[in-house]
Amino acid sequence: MNKALRKAIIAGNWKMNKTRPEAKALLEAIKPLVANAENNVEVIACVPFTNLETAVNTTAGSNVKIGAENVHFEKSGAFTGEISADMLVEVGVEYVVIGHSERRQYFGETDETVNKRTKAALAAGLKPIVCVGELKWERECNITEEVIARQIKLDLYDVSAEDVKKTVIAYEPVWAIGTGLTATPDQAEEVCAFIRATLEKLYDKATADAVTIQYGGSMNAANCAELLAKPNIDGGLIGGASLKAEDFNTIVQAAVEG
Ligand code: 13P
């Protein structure tokens with residue numbers, strides 16, 4: 001990554017895992033391991049809604065920040081099962097994952113709703129982690145760049161340059177998520193560089209250079225160093241490996257070095 005321009009961000013996405021006591025135990029284990037990263041790496045755990053309060057309390061006073069895994073775009077009202085940005089802020093949440101491919105695949109999330117959620121999160125003072133990525137079939141058809149450019153343009157539609165600097169983009173090729181198949185460092189760098197070039201076209205170079213772009217998809221203790229050494233990969237969004245304190249810490253330490 002380009003440390004001169006951006007601070008690395010390593011975020012765990014716990015997905016639908018961990019009860020509250022389990023969440024507390026995992027965060028207690030992570031905290032001392034990653035304490036040395038405070039000045040170099042932003043360390044985040046994105047946890048299920050039911051764990052948020054426990055997670056915020058457990059990490060208070062440490063350098064581990066807490067994120068949610070989704071947010072609704074309306075402020076309040078008849079939206080059964082949804083959680084608003086203000087509710088997350090009130091609990092002490094700082095980040096929120098938006099548009100994860102599992103939300104897009106299983107819960108009908110579209111670029112339009114990702115855009116609305118992103119704007120609602122920013123308006124409430126949350127930092128969105130907006131996920132983009134191509135399907136295996138789209139890569140095979142050689143339209144990865146078209147797919148990514150479309151997602152970036154739609155997901156960030158009407159988001160100001162000031163706000164996009166607070167937004168993290170996570171490049172997560174859908175074929176690499178939970179499959180053990182990782183994009184090669186060169187493949188991941190190619191798309192992350194393309195995302196930055198797209199941001200430069202939409203905004204300007206200074207804005208594009210300020211945006212943190214993560215890679216996600218089977219990032220683990222063994223492959224993280226090579227990925228994080230790439231100039232446009234500023235961190236990781238980590239699923240499976242974020243559920244083990246030692247593995248997650250290995251990735252954080254690779255970002256400290258990277
Ligand atoms: P895995 O690291 O388990 O492949 O998940 C990646 C992911 O979806 C993070 O958001």
Side-chain angles (χ1 to χ4, degrees), residues 8-18 22-23 26 30 34 41-49 51-52 55 64-71 93-107 109 114 117-118 121 126-136 138-139 144 147-148 151-152 155 167-185 187-188 191-192 195 212-228 230 233-255:
I9 301 184
I10 299 296
N13 173 12
W14 290 9
K15 308 191 179 185
M16 196 173 71
N17 291 294
K18 305 290 175 191
E22 289 168 350
L26 178 53
I30 287 171
V34 304
V41 181
E42 183 91 332
V43 180
I44 308 167
C46 299
V47 307
F49 289 131
N51 291 342
L52 286 172
V64 179
K65 308 280 169 57
I66 298 303
E69 298 179 14
N70 194 15
V71 62
V93 168
E94 290 183 50
Y95 287 86
V96 60
V97 177
I98 297 177
H100 191 277
S101 67
E102 287 147 18
R103 302 280 335 155
R104 295 179 190 254
Q105 262 182 300
Y106 307 136
F107 303 102
E109 201 78 62
V114 171
R117 290 177 205 268
T118 302
L126 293 168
K127 294 178 199 151
I129 302 175
V130 177
C131 303
V132 298
E134 81 287 1
L135 305 172
K136 184 164 179 278
E138 290 166 336
R139 178 165 281 268
T144 298
V147 171
I148 299 294
Q151 289 175 334
I152 293 288
D155 297 353
T167 304
V168 178
I169 310 284
Y171 167 55
E172 299 208 313
V174 180
W175 48 272
I177 295 176
T179 56
L181 288 174
T182 319
T184 65
Q187 281 174 326
V191 180
C192 290
I195 291 171
T212 298
I213 302 176
Q214 299 175 314
Y215 168 78
S218 299
M219 191 189 265
N220 59 37
N223 62 25
C224 59
E226 250 194 301
L227 287 158
L228 294 169
K230 293 291 183 186
I233 303 179
D234 310 316
L237 185 57
I238 296 112
S242 74
L243 299 172
K244 295 185 196 120
E246 293 289 345
D247 287 1
F248 186 62
N249 178 49
T250 301
I251 299 171
V252 171
Q253 300 308 325

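Everything numeric in this text was worked out from a predicted model, so none of it was measured. As the structure lists them, so they are numbered: ligands from 1, and atoms in each ligand from 1.
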Report yes or no: does a heavy atom of Gly216 sit under 4.0 Å from some atom of ligand 1? no
One finds that the ligand 1 atoms under 4.0 Å from a non-hydrogen atom of His100 are 7 (C), 8 (O), 9 (C), 10 (O)
Counting each atom of ligand 1 from 1 as listed, which ones have a heavy atom of Gly240 under 4.0 Å away? 1 (P), 2 (O), 3 (O)
Would you mind telling me if ligand 1 is within reach of the side chain of Ala176, the backbone, both or neither, using heavy atoms under 4.0 Å? backbone
Heavy atoms only, cut-off 4.0 Å: how does Asn13 contact ligand 1, side chain, backbone, both, or neither? side chain
Would [X] count as being in polar contact with ligand 1, using the rule that some N or O on each side must be under 3.5 angstrom apart?
X: Leu237; answer: no
X: Gly178; answer: yes
X: Ile238; answer: no

For residues His100 and Glu172, is any side-chain donor paired with an opposing acceptor at under 3.5 Å? yes
State whether the side chain of Tyr95 and the backbone N or O of Ala11 hold a donor-acceptor pair below 3.5 Å, judged by distance alone. no
Side chain Arg104, main chain Cys131, donor-acceptor under 3.5 Å: yes
Taking the side chain as every heavy atom from C-beta outward, state whether Val191 and Pro173 have any pair of such atoms under 4.5 Å apart. no
Please examine the side chains of Ser218 and Thr179, heavy atoms only from C-beta on, and report whether any two atoms are closer than 4.5 Å. yes
The option among Glu102, Glu172, Lys15 carrying the non-hydrogen atom nearest to atom 5 (O) of ligand 1 is Lys15
When rounded to the nearest 0.5 Å, the distance separating NZ of Lys244 from OG1 of Thr250 is 11.0 Å
Near Glu94 CD, under 6.0 Å, is it more than 12 heavy atoms from other residues, nucleotides or ligands? yes
heavy-atom search around atom 2 (O) of ligand 1 in the protein gives Gly239 N, 3.0 Å
